[in-house]
Amino acid sequence: MGQDVVMDDSQTQPEPASAAIASPDALTPAQSTLQHLKEIASVIEAGSLNKEVRRISRAIRLTVALRRRLAARDVSAFLAFALPPSSDAFARLSVLVPKEDGSEMDVDTAATAVQVSIKHGLPEIEIYCYLLVLIFLIDNKKYDEAKACASASILRLKNLNRRTVDVLACRLYSYFSYVHELTNTLAEIRGTLLALHRMATLHRDELGQETLLNLLLRNYLHYNLYDQAEKLRSKAPCFEAHSSQQAVRVGDLELFRAVADKFSSTFSADRTRNLIVRLRHNVIRTGLRNISISYSRISLVDIAKKLRLESPNSVADAESIVAKAIRDGAIDATIDHANGWMVSKETGDVYSTNEPQIAFNSRIAFCLNMHNEAVKALRFPPNSHKEKESAEKRRERLQQEEELAKHMAEEDDDDF
């Protein structure tokens, strides 16, 4: 971590700045906001040079802890510190930060003796500057400037393909969508979000794909476009490392109704009330599937009771639901209309099919993929193969010298 900061030779060497901000609790008022921003930049620089994504993530957490203390003079001073004055990013961002009349730049009177210096030209530092300015503008309700900053950052991200930038990019995507949601202009960016999702897929950026998928689904649901949202969700990849469990899969209609009634005001405020109503059919179908697996034959009256269908003609409703589920292929059963039964077809021996082989193959593929990712993540010292070759050559040279010396000694003995 010593490479994160540059020490002054005339001073004693204190604890490195990156170690001083190991956690958000380390952001104490003893240091100025500008000094904290400089130290966060040093953490990002270390993550960029060492290709460590965890440091970039830690820098974002530190920024969130520092968010309420940001002032215009701090942001302006940090831009002057982190970006070259002649760069396009500096020219674009500096005009978006409002000037504070009658106030001087933040002076680190209470800062420690550590003098932080970073390397200019790193894409991670530039993208972080975009993120910092965007957060500051949103917090100060300057939405027009925030939209301009977000659009400029998206254009810049399209030219980058670095894993250490992906974490910062995901935050920019979220704030890009958030500021348009605040100004009720989400429909304008739907095409941009779709293009970014395609780009993240081509770059194999899983975090970006999931972030943009959530933003697109939120965009569709904001305008009650449920069919488009479902089509997108069904075609989007599902990553193994993340859970996809839903409470709806329990199939308990009474529990679902209780939760829906309890949070009815929240769903209405979020404009998702219609979506919750549509989920009721999924709950009923899930419960019916569980019933068809548990019973080989069950009356429609009992199905209505188990599904907790509260209607004047619950048996007819249950028959209609069962018939529709059979037609859609959700359950494998038949209806005995004369006796009022649902008869489930006998489940065959699963081990006589290819399903165990498919499941076993998917597990093997998952393990092989994990192994390949671990190999890709291995880090080796630079020029390690050259050092190994030079060591072997040195060993051969010493062996040849030893043999030559022995041969010369034998010749001297013969001469004597």
Side-chain angles (χ1 to χ4, degrees), residues 3-6 17-18 21 31-51 53 55-60 62-64 66-67 69-100 103-108 111 114-140 142 144-173 175-176 179:
Q3 61 185 353
D4 297 348
V5 296
V6 175
S18 57
I21 55 171
Q31 286 184 316
S32 66
T33 303
L34 177 57
Q35 181 67 19
H36 284 310
L37 290 174
K38 290 180 179 180
E39 294 176 349
I40 292 173
S42 71
V43 174
I44 296 177
E45 179 190 29
S48 173
L49 297 178
N50 298 324
K51 297 181 180 180
V53 179
R55 296 198 183 190
I56 309 296
S57 301
R58 189 179 69 174
I60 293 177
L62 294 172
T63 304
V64 172
L66 196 65
R67 184 171 180 173
R69 294 168 50 184
L70 287 177
R73 63 178 183 274
D74 300 321
V75 179
S76 298
F78 178 74
L79 293 178
F81 163 78
L83 298 174
S86 58
S87 64
D88 294 337
F90 179 80
R92 190 178 295 112
L93 293 176
S94 59
V95 297
L96 296 176
V97 181
K99 302 295 185 296
E100 295 185 355
S103 63
E104 298 179 354
M105 290 297 180
D106 193 7
V107 180
D108 299 335
V114 178
Q115 299 297 321
V116 182
S117 177
I118 63 172
K119 179 181 179 181
H120 287 166
L122 293 176
E124 290 80 4
I125 296 294
E126 179 183 348
I127 297 302
Y128 176 75
C129 290
Y130 277 105
L131 178 62
L132 184 69
V133 173
L134 181 56
I135 292 174
F136 172 78
L137 293 174
I138 291 177
D139 289 345
N140 287 272
K142 297 184 180 297
D144 292 336
E145 293 85 348
K147 290 167 68 173
C149 177
S151 299
S153 66
I154 295 301
L155 290 176
R156 182 68 179 94
L157 284 172
K158 290 181 178 180
N159 299 322
L160 297 175
N161 183 16
R162 295 162 66 101
R163 299 285 76 83
T164 48
V165 174
D166 292 343
V167 181
L168 296 168
C170 290
R171 286 302 180 104
L172 279 175
Y173 297 151
Y175 286 116
F176 173 64
V179 70

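These values consider heavy atoms only, across backbone and side chains, with no hydrogens, waters or symmetry-generated copies. Residues: numbered from 1 along the sequence shown.
- Taking every heavy atom of both residues into account, F90 and P85 meet most closely at CD2-O, 3.5 Å.
- Considering all non-hydrogen atoms of both residues, R69 and S32 come closest at NH2-C, 4.2 Å.
- Panel note: side chain S42, backbone E39; a donor-acceptor pair is recorded below 3.5 Å.
- Closest approach of C129 and L79 over heavy atoms only: CB-CD2, 3.8 Å.
- Counting all heavy atoms, side chain and backbone alike, A72 lies closest to V97 at O-CG1, 3.7 Å.
- Side-chain N or O atoms of S48 include none that pairs as donor or acceptor with a backbone N or O of I44 at under 3.5 Å.
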Exercise. Given T33 and H36, is the side chain to side chain contact (heavy atoms under 4.5 Å, CB included) satisfied, shown in steps?
Worked result: CA-CA 5 Å; T33 303; H36 284 310; 5.6 Å; no

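- Here the side chains of V64 and R171 are in contact, with some heavy-atom distance below 4.5 Å.
- Although no hydrogens or angles enter the test, the distance criterion places no donor-acceptor pair under 3.5 Å between the side chain of S151 and the main chain of A148.
- Note that the OH atom of Y128 and the CG atom of L83 stand 12.0 Å from one another [nearest 0.5 Å].
- Rounding to the nearest 0.5 angstrom, the gap separating the CZ atom in R156 from the CG atom in L172 is 12.0 Å.
- Considering all non-hydrogen atoms of both residues, V165 and L160 come closest at CG1-CD1, 4.2 Å.
- Interatomic distance, L49 CG to R55 CZ, rounded to the nearest 0.5 Å: 9.5 Å.
- Taking CG from L70 and CG from L137, the interatomic distance works out to 10.5 Å, rounded to the nearest 0.5 Å.
- Nearest approach of L34 to A77, heavy atoms of both residues: CD2-CB, 3.7 Å.
- Rounding to the nearest 0.5 Å places CD1 of I40 at 5.0 Å from CG of L62.
- Look at D166 and R163 and you find a salt bridge, because one of the NZ, NE, NH1 or NH2 atoms lies within 4.0 Å of a carboxylate O, short of that distance.
- To the nearest 0.5 Å, the span separating CG on L157 from CD on E126 amounts to 9.0 Å.
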For this session: Could you walk me through whether L93 and C149 pass side chain to side chain contact (heavy atoms under 4.5 Å, CB included), step by step?
Result: CA-CA 7 Å; L93 293 176; C149 177; 3.8 Å; yes

